[in-house]
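Residue numbers start from 1 in every chain, and the chains themselves are labelled A, B, ... in the order their sequence lines are given, proteins ahead of strands. These values consider heavy atoms only, across backbone and side chains, with no hydrogens, waters or symmetry-generated copies.
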There are 2 protein chains.
Amino acid sequence: MSANRGYHHGDLRAALISASFEVLAECGLQRFSVAAVARRLGVSSAAPYRHFPDRSHLLSAVSAAAARDLRAAVIAAADEAGGDPADRLAAAAGAYVRHVARTGAGLQVIYAPELYTLADDARREHTRALMTTLLDLATATGPASYQDAVLLVEATIAVAQGYTTLWSDGFFSRNDSSADDVAARAVQAARMVLTPPETGCSNQTVRID
Amino acid sequence: MSANRGYHHGDLRAALISASFEVLAECGLQRFSVAAVARRLGVSSAAPYRHFPDRSHLLSAVSAAAARDLRAAVIAAADEAGGDPADRLAAAAGAYVRHVARTGAGLQVIYAPELYTLADDARREHTRALMTTLLDLATATGPASYQDAVLLVEATIAVAQGYTTLWSDGFFSRNDSSADDVAARAVQAARMVLTPPETGCSNQTVRID
DNA sequence: GTCTATACTCCGATAGAC
DNA sequence: GTCTATCGGAGTATAGAC
């Protein structure tokens, strides 16, 4: 995995995907460029095109990897959250915030419009699995219908994405809020969106601690 | 300002700001360019630089206008929402979604990192007024502290921004969901985040109706 | 498989004519 | 105040050497 002598990488393809996450985390999708990824790896700007026909195909591979990793993070967070279905779904919001803070590859990347026309079965499969996982978590909370389960997933993702955007756009002062702080706030907010207001609700306002 | 002659605009400065919103709505901040704004107005790519020293200063003026318009929309939506403080704050989320869908200038533009170093008193004043308005709405819901009011504003904006991003990134199928549909969902979700779960809560899951 | 070199496009910004 | 013309830089992508 290290930079090698001469000019060769052991596995430039994998290295390109990995480095793409770093570029995304630092620059965002807006300023993502194949050239920047190549620079980061110390290879020429032409080298990536031996492994991906164009920028979109690289991004598609990144999207697939991001969906796979995010799904794993969501599952892990849900299992850590315990048995309550709403807690488990809300935990997915926290996993999302932390994942995007770390990798820079959120829904903007995973569902980037420019990838929609691309035929990439691996990516399709990973994004489908991610959505299935989220829908399963939502269904477990006992919505009245499949439609409602979809709305619950939407709400959860919207909360997570909202806090993520606020954080990455610098709306929070970076010094005051770590990614984990923001993730905790997202979980709290998601939990409230998902909570049928009846028994055992203790919070009066949105709080971190 | 000046008279119209030949290719001239009466007020190119104002026209540039207005056209910037259209470019933002179509391309997003990522692909926003001074050149595209000029093209849209049928003027040369050099013309904007007679009115703004550089791209950042144009964006700063756009940011100020966006903050002013968004604040007006928030106030109007709150007044329409009636007397309940939580309803009024939740209505701000809907106003935000509709505003961004229409103008393309959300927090990513209003609080764009590249504008932070710029000294633009007009913009500062408008963004400050917007935040004050939101904090006033939050304070009216009776948070335990100023800190909590800030957190309520954050939660409201996060929900609104989340639904907005999901919509603009094509996560919803455009055919199934209009901007107003999405705004309604955002209001519903925001209302639940803001609701202390005690009396009179009827919704079991997130619904539009 | 990676390099160098290059063609092309787009953008930001400036200079000078009118 | 706007135009034409132009420079410099960055990015995508290709061609051909090794």
Side-chain angles (χ1 to χ4, degrees), chain A residues 1-20 22-24 26-63 104 109 112-115 117-118 120, chain B residues 1-20 22-24 26-63 104 109 112-115 117-118 120:
Chain A
M1 281 299 136
S2 54
N4 291 344
R5 275 259 46 81
Y7 304 106
H8 296 87
H9 271 274
D11 187 353
L12 182 56
R13 188 192 152 91
L16 286 165
I17 295 173
S18 174
S20 292
E22 298 172 25
V23 172
L24 284 168
E26 288 178 14
C27 311
L29 180 57
Q30 316 121 21
R31 299 184 198 262
F32 173 88
S33 73
V34 179
V37 176
R39 267 197 306 275
R40 175 171 290 264
L41 290 174
V43 298
S44 77
S45 65
Y49 292 93
R50 283 286 137 188
H51 299 273
F52 299 97
D54 58 28
R55 175 196 149 103
S56 294
H57 283 80
L58 169 56
L59 274 177
S60 188
V62 171
S63 166
V109 174
E114 52 190 300
L115 304 181
T117 58
L118 239 80
D120 181 339
Chain B
M1 301 282 188
S2 329
N4 297 333
R5 325 171 190 159
Y7 290 90
H8 301 79
H9 274 87
D11 188 352
L12 182 55
R13 188 192 152 90
L16 286 165
I17 295 173
S18 174
S20 291
E22 298 172 24
V23 172
L24 284 168
E26 287 178 14
C27 311
L29 180 57
Q30 318 126 21
R31 299 184 197 264
F32 172 88
S33 73
V34 178
V37 176
R39 266 197 305 275
R40 174 171 291 264
L41 290 174
V43 298
S44 77
S45 65
Y49 293 93
R50 283 286 136 188
H51 299 273
F52 299 97
D54 58 28
R55 175 197 147 104
S56 294
H57 283 80
L58 170 56
L59 275 177
S60 188
V62 171
S63 167
V109 174
E114 53 190 300
L115 304 182
T117 60
L118 239 80
D120 182 338

**Complete:** A:Arg40 meets the salt bridge (charged side-chain N to carboxylate O under 4.0 Å, His left out) criterion, sequence neighbours left out, with A:Glu22, A:Glu26

**Request:** Could you tell me which residues satisfy side-chain contact (heavy atoms from CB on, under 4.5 Å) with B:Ser44, sequence neighbours excluded, listed by chain and number?
**Result:** B:Ala46, B:Ala47

**Asked** Separation of A:Arg13 atom CZ from C:dG1 atom P, in whole Å?
**Response** 12 Å

**Prompt:** Just by protein heavy atoms under 4.0 Å, how would nucleotides 11-18 of chain C read 5' to 3' in B, S and -?
**Reply:** SSBB----

**Fill in**
Across all chains, not counting sequence neighbours, the side-chain hydrogen bond (donor to acceptor under 3.5 Å, both in side chains) partners of A:Ser20 are none

**Request:** Sorted by first residue and then second, give each salt bridge (Lys or Arg N to Asp or Glu O under 4.0 Å) pair with at least one member in residues 42-51 of chain B; sequence neighbours left out.
**Result:** none

**Request:** Under the side-chain contact (heavy atoms from CB on, under 4.5 Å) rule, collect the residues that match up with B:Ser45, sequence neighbours excluded.
**Result:** none

**Complete:** Whole-Å distance, B:Gln30 CD to C:dC10 C1', equals 16 Å

